[in-house]
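These notes concern the structure reproduced below.
Quick caveat: nothing in here was measured; it's all calculated off a predicted structure.
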There are 2 protein chains.
Amino acid sequence: MWDNALNYFYEAAKLGSMRLASEKIGVAVSSISRQISQLEATLGTALIEPGRRSIRLTAAGQHVLDYHRKQLSDRESLMTRLQELREVKTGRVVMAIGEGFIGDAFARTIEYFQVRNPGIEIALEISSSTEIVRKVLEDEVHIGMILNLTDEPKIRTRLSVEQPLAVLCAPDHPAARLEAVTIEDLMGFALCLPPKGFRIRASLAAAERRARLTLEPMLVTTSIQLMRDIARAGRAVCVLPRISALSELTEGTLVARPLHDPELDDATVSLIYRLGRQLEGAPARLLSLLENNLKSWSHVPEVAR
Amino acid sequence: MWDNALNYFYEAAKLGSMRLASEKIGVAVSSISRQISQLEATLGTALIEPGRRSIRLTAAGQHVLDYHRKQLSDRESLMTRLQELREVKTGRVVMAIGEGFIGDAFARTIEYFQVRNPGIEIALEISSSTEIVRKVLEDEVHIGMILNLTDEPKIRTRLSVEQPLAVLCAPDHPAARLEAVTIEDLMGFALCLPPKGFRIRASLAAAERRARLTLEPMLVTTSIQLMRDIARAGRAVCVLPRISALSELTEGTLVARPLHDPELDDATVSLIYRLGRQLEGAPARLLSLLENNLKSWSHVPEVAR
DNA sequence: CACTTTTGTTGCGCTTACCGCAAAAAGAGT
DNA sequence: ACTCTTTTTGCGGTAAGCGCAACAAAAGTG
């Protein structure tokens, strides 16, 4: 009710007469007259000076006019914002990933996305797997990327790629001469592993039980960056999915050797979002880009040349 | 047509369900559902995620919600402007404050305002800091006054005054003989403190860690009134910003001694309102009065005579 | 001053947008 | 699989808004 009345009043005031306003809007003069007097009634103030041929605004009328002008411009800016949202010119994606994904390959993907979608803001949160799942569930983030599968019913897995665990070491390390590494081989090397409680340690634990031995890492750290650096230094080896050191592998500063053990279950990269949440615009685009790239990441050659 | 639809959408989004909105507004759920989908049709964008029990906004929906909030506050300010134009000096201010501010000094400020602005209705809501921030954000109140800083981006801080924490006790209490009080001194006194989770306790916790001791309050309460009363009774001391006991300090029934510790960060009184909301009329006047008085409150002498 | 022209206001049927009720559909939990 | 809750859809009714036309009043005209 407000909307119409204000519009009629606005046009009438701008054009100086109800007649002209009626022509411009395409409604009968009577409607204009009625709507305006109705508006005056609800506002409790006269907006136009009564008993005049041409329309003259009262002080109150001027205020209402200003108000409506502002309202129109606000509405217009809302519409353009929505339009931009539709065209994915603007937007915001929040995603949570595990630390293991940080690296050159991932950075290049983000870079690529931002070049092709300027104006889209990306927020990256680094968290543990359980935190990521929680954030996805509670809509704190649009997309999550974790290093295992989750059985949460309300999580939708868009893509999951197997990422076998590998032993990473410097090219001149003794382990690099092996074709494949077993759990027993690891006993002979200085090890750098994540702490207990991490997924990788849990996987290794099963293999340790089978082989009836206990790995004693020389260094325990939560920082995957540090693990890569230690391995690159040459003395120690670390155990990670290949994806966690993609850039070092392609550079050749690290080499990967498959870690084979019957009890060892593979790590899995999962791209997840909340079930029932329809991602549109920016999040949807980033999701499909990641989906494609993840597939190609899994085809990295095992032995760097 | 816009007007109704936006209102329904707004309430539904705020309450989280169409059913609740229908109860609050007093129209059938079907109307709400229809109006919202109609709004979506005219805007050409989905506003809420379809097929869900609780209403979840899409990015576009959030924009529309923000837009409507602004519309509402603009309309309100138009109405007050018209009201003032009618030269009837009536109006209404709603503000939310923390319990710590209740006291004679604040009461006198309100009293002063009401004497100078007869006919203006003031509504005071007492809430916790987070509640106050929420109320300011959602336009439930015009002005908020909290005992810390907030990093909410949509909050505008009009004034913030540092309020060092002080130890409050009766004039004949042993603590009153000290020039300044340290965390270690507190161990010797009966303490009355707010519960853990309160800002004051968080500040104290840092100091406790530094001094490697743990304060064991004799009484824990959320009521600042009670804390003052306990301290006035003579046996115990409490830790509060001076502003929380201004009237007792000027009366001389309580004295304040500065609490000095390198780890202790000061409390801060912030006068806040929503970014982008232009306050006019009564709210604007009250805001500037409070701004001036707050400055003078912070200059209260440390030792009551 | 009478007449005309132009413009705003009022009266009266008519359309349609909006509403409530009830039934169906779809989630969410058990 | 079943139940409970919430949303969507179908249908008939009401009232707000519309156009048309008659009416009233200001401004121009001779």
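The heavy-atom pair separating A:A12 from A:I36 by the smallest distance is CB-CD1, 4.1 Å. A pairwise comparison of heavy atoms in A:Y8 and A:Q35 identifies CD1-CG, 3.5 Å as the closest pair.
When the C1' atom of D:dT8 is taken as reference, atom CD1 of B:I36 falls 12 Å away, rounded to whole Å. Taking atom CD1 of A:I25 as the reference point, atom P of D:dG19 lies 10 Å away to the nearest angstrom. Here the C1' atom of nucleotide D:dT8 and the CG atom of B:L47 are 16 Å apart, to the nearest Å. Rounded to whole Å, atom C1' of C:dA28 lies 16 Å from atom CD1 of B:I55. Between A:E23 atom CD and C:dG8 atom P there is a gap of 11 Å when expressed in whole angstrom units. Straight-line distance from the CD atom of A:Q35 to the C1' atom of D:dG19: 14 Å, rounded to whole Å. A:M18 places its CE atom 14 Å from the P atom of D:dA26, with the value rounded to the nearest Å. As rounded to whole Å, 4 Å separates atom P of C:dC19 from atom OH of B:Y8.
Within the nucleic acid shown, A:G26 comes within 4.0 Å of sugar-phosphate atoms alone, with no base atom in reach, counting heavy atoms only.
Counted by atom type alone, A:R86 and B:T45 present one or more donor-acceptor pairs between their side chains at under 3.5 Å.
Distances shown here put every side-chain N or O of A:R19 at or beyond 4.0 Å from the OP1 or OP2 atom of C:dT7. Between D:dT9 and B:S33, no contact under 4.0 Å exists linking OP1 or OP2 to a side-chain N or O. Look at B:Q38 and you'll find a side-chain N or O under 4.0 angstrom from OP1 or OP2 of C:dC18. An OP1 or OP2 oxygen of C:dC19 is reached within less than 4.0 angstrom by a side-chain nitrogen or oxygen of B:N4.
Within the 3.5 Å criterion, the main-chain N or O of A:P194 finds a donor-acceptor partner in the side chain of A:R201.
Donor-acceptor pairing under 3.5 Å, judged by distance alone, is absent between the side chain of B:S30 and the base of C:dC19. No hydrogens or angles were tested; on distance alone, nothing pairs the side chain of A:R34 with the base of C:dG8 as donor and acceptor under 3.5 Å.
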Before you tell me yes or no, could you show the steps for B:E49 and A:R274 under side-chain contact (heavy atoms from CB on, under 4.5 Å), namely the whole-Å CA-CA distance, both residues' side-chain angles and the distance that decides it to 0.1 Å? CA-CA 12 Å; B:E49 295 186 5; A:R274 204 198 74 228; 2.9 Å; yes
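Between B:I32 and A:S31, it is A:S31 whose nearest contact on DNA chain C lies nearer the 5' terminus.
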